[in-house]
Trainee: 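Handing you this structure, nothing more for now.
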Protein chains: 2
Amino acid sequence: MVSAGYDELVETRELRYFVAVAEELHFGRAAQRLTMAQPPLSRAIQQLERRLGVVLLHRTARAIALTDAGSVLLREARTALDAVEAAERRTRRAAADQPGVVLAAKAGASRELLSKLLDAYAAEPGAVAVEVMLCGPGEPENLLHKGRADVALLHRPYDTTAGFDSEDLHTEQQVAVLPAGHPLANRANVSLAEVNALTDLPLPRWPGRDGSYPDGPGPQVRDHTQLFQLIALGLACAVVPESLRNQLSDDHAIVPMPDAPTVTTVIAWPPHSKSKAVAKLVRTATRL
Amino acid sequence: MVSAGYDELVETRELRYFVAVAEELHFGRAAQRLTMAQPPLSRAIQQLERRLGVVLLHRTARAIALTDAGSVLLREARTALDAVEAAERRTRRAAADQPGVVLAAKAGASRELLSKLLDAYAAEPGAVAVEVMLCGPGEPENLLHKGRADVALLHRPYDTTAGFDSEDLHTEQQVAVLPAGHPLANRANVSLAEVNALTDLPLPRWPGRDGSYPDGPGPQVRDHTQLFQLIALGLACAVVPESLRNQLSDDHAIVPMPDAPTVTTVIAWPPHSKSKAVAKLVRTATRL
DNA sequence: CACGACCAATACCCTCGCGGTATCGCTGCC
DNA sequence: GGCAGCGATACCGCGAGGGTATTGGTCGTG
């Protein structure tokens, strides 16, 4: 006999509807996002609750809120929908006649390592085309989950490798980046506490997974180019891996930070990947 | 703005249908398994292929076979369906008024560690009920993937922790288990090669993930009780972690195997688990 | 306190997607 | 050449799922 049957599972449509409602917390807006009318959406959610035998939303006629079970479903439904999307994408890519590999990496990070990796891999016998997908912070995990990428370069502890297979490639110290001429610029080293205490030079705010920025005093940044420009203008400071130093200019000063957590560059891929090309890329990376 | 929309995703129904066909390689039998007629199933698969723009099956009017893209989809669809099933189960369990934790472990393995863990956890303040789910080899990963369990005890390298978060708990040597009185029984130690060479005492065959047994000379076994009985009867030998020695009787002989791979017991849980109870259980386990 | 704005739920209708039965067409095998 | 096996096609009927109109309940507000 073969593997156990999947009977009477929830449909992806229902999960999509629920995610929309749970994110908007508003049937009308959710329906708009789904390009449908509000009543059928209300009914679909009710039906989902009936089928699961679980109350997912607290309705107060004025607003709705997630129940505990509802927030569990929100999280689980997102990963399930990601898995479905990944199945679709990977199948399409497997059928393409030119089976390249998509590598996701944050724009600006690990630039040198990335170029060395690409060169080394290209020199391997039987190497296939590698499409590099540069993206914002927090993105690569998502791309991997959704099957838009086959491998990714991540940076612990900034990124999370949970749910992937991975190999550590490189570990490095972090340094403070300050405007040239700043009082601290000539110090042999600074501590985390000192940098946090610089109210005149706030740390920047990076977008979260959902694209929104946390509250705080610092400027909003999307990538390191922006960040370094703001620092050069004397509007911010930052704590970054030291390998970024070759992207800096004379307007910047660098100070080692012995007590900042080290950053590890890892190469990660979805578990159970059977791609020979990914395996070879990983092997090449670990040998650098 | 919130996370990107999931537009026009494949429905779980279509994935279920495809998995059935891909596993049976026969539309008639697959339809039977799905309790439906064959024609709508054929059409559904055609429609899936059209929507994906990918040929999934080679049809030769006499038999069908998976294309490369088809086998990719088979693998990906299984994990996607597992994720959907997990979403459903975890949501239901989150809504239950008595939120226990389900711990999966292979029957007979790590018996002592398991009982110590349960005792230690039960003594913790705020401990919830732990339901232990004893299962066959290869099962625990599946139970975690499908949301039937919240944590599991696994044994590398027999089990794979790919796709989970995990903590190592204990590493041990393996030993050969032979019938008492066997020529090798009094040796100080034996090698893997020697055990493999015992044609009169074959190694047993364990069921694979799909429940079928590989070909070979050895007897088919489902658990360690069966196995040890067969060994006592002089019908087999085995290589097992040494912590199983207290489940043996006078009819068995144990010989250390220095060159067999060590076995590591790990506690594993689905990534991004937010269960406080699981976290506490893991913490308790690592402190044993 | 009454009126209006807002929002989810209900009522009702209609379309088309999905499943069922009957049949065809192809292929390999006695 | 005839038959058996299997997937594809043709056609039909039903009901799930979506649309419009409306209700009902709950806040703000003058």
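Chain identifiers are assigned alphabetically (A, B, ...) following the order of the sequence lines, protein sequences preceding nucleic acid strands; residue numbering begins at 1 within each chain. From a predicted model like this one, the values you see are computed outputs, not experimental measurements.
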Trainee: Of all of residues 45-55 of chain A, which get a heavy atom below 4.0 angstrom from DNA chain C, listed by number?
Mentor: Q46(A)

Trainee: Considering only distance and modelled atom types, tabulate donor-acceptor pairs under 3.5 Å from the side chains of residues 34-46 of chain A, sequence neighbours left out.
Mentor:
| unit_1 | atom_1 | unit_2 | atom_2 | d |
| --- | --- | --- | --- | --- |
| Q38(A) | NE2 | S42(A) | OG | 3.0 |

Trainee: Using side chain to side chain contact (heavy atoms under 4.5 Å, CB included) as the criterion, list what pairs up with D68(B), not counting sequence neighbours.
Mentor: none

Trainee: Enumerate, atom names and distances included, each donor-acceptor pair closer than 3.5 Å involving a side-chain atom of residues 272-279 of chain A, sequence neighbours excluded.
Mentor:
| unit_1 | atom_1 | unit_2 | atom_2 | d |
| --- | --- | --- | --- | --- |
| S273(A) | OG | S275(A) | N | 3.4 |
| S275(A) | OG | A277(A) | N | 3.3 |
| S275(A) | OG | V278(A) | N | 3.0 |

Trainee: Under the ring pair (Phe, Tyr, Trp, His ring centres under 6.0 Å) definition, can you give me all pairs with a residue in residues 44-74 of chain B, not counting sequence neighbours?
Mentor: none

Trainee: With the sugar-phosphate defined as primed atoms, P, OP1 and OP2, and the base as all remaining atoms, what B/S/- string results for nucleotides 20-30 of chain C, 5' to 3', for protein heavy atoms under 4.0 Å?
Mentor: BBB----B---

Trainee: Once you round it to whole Å, what is the distance between C1' of dG19(C) and CD of Q32(B)?
Mentor: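 Result: 17 Å.
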
Trainee: In whole angstroms, how far is the P atom of dC7(C) from the CZ atom of R29(A)?
Mentor: 7 Å

Trainee: Without decimals, in angstroms, what is the distance between E24(B) CD and dG7(D) P?
Mentor: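 Value for this atom pair: 11 Å.
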
Trainee: Taking OH from Y17(B) and P from dG17(C), how many angstroms apart are they, rounded to a whole number?
Mentor: 15 Å

Trainee: OP1 or OP2 of dA8(D) less than 4.0 angstrom from a side-chain nitrogen or oxygen of S42(B), does that happen here?
Mentor: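 For S42(B), the contact criterion (side-chain N or O under 4.0 Å from OP1 or OP2 of dA8(D)) is met.
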
Trainee: State the CD-OH distance between E88(B) and Y6(A), to the nearest 0.5 angstrom.
Mentor: 13.0 Å

Trainee: State which residues pass side-chain hydrogen bond (donor to acceptor under 3.5 Å, both in side chains) with K106(B); sequence neighbours excluded, sorted by chain then number.
Mentor: H155(B), D159(B)

Trainee: For H26(B) and dC6(D), what is the distance between atoms NE2 and C1' respectively, to the nearest whole Å?
Mentor: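 So the NE2-C1' distance, H26(B) to dC6(D), works out to 6 Å.
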
Trainee: Which pairs, with at least one residue in residues 127-139 of chain B and sequence neighbours excluded, count as a salt bridge (Lys or Arg N to Asp or Glu O under 4.0 Å)?
Mentor: none

Trainee: Does A87(A) have any side chain to side chain contact (heavy atoms under 4.5 Å, CB included) partners at least two apart in sequence or in another chain, and if so, which?
Mentor: L73(B), E76(B)

Trainee: Angle between ring planes, W206(A) versus H224(A), binned at 30° and 60°: parallel, tilted or perpendicular?
Mentor: perpendicular

Trainee: Measure CD/E11(A) against P/dG17(C) and give the value in whole Å, please.
Mentor: 15 Å

Trainee: Tell me the interatomic distance from L34(B), atom CG, to dC18(C), atom C1', rounded to whole angstroms.
Mentor: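 Rounded to the whole Å, the gap is 14 Å.
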
Trainee: How many whole angstroms separate atom CG of L41(A) from atom C1' of dG17(D)?
Mentor: 12 Å

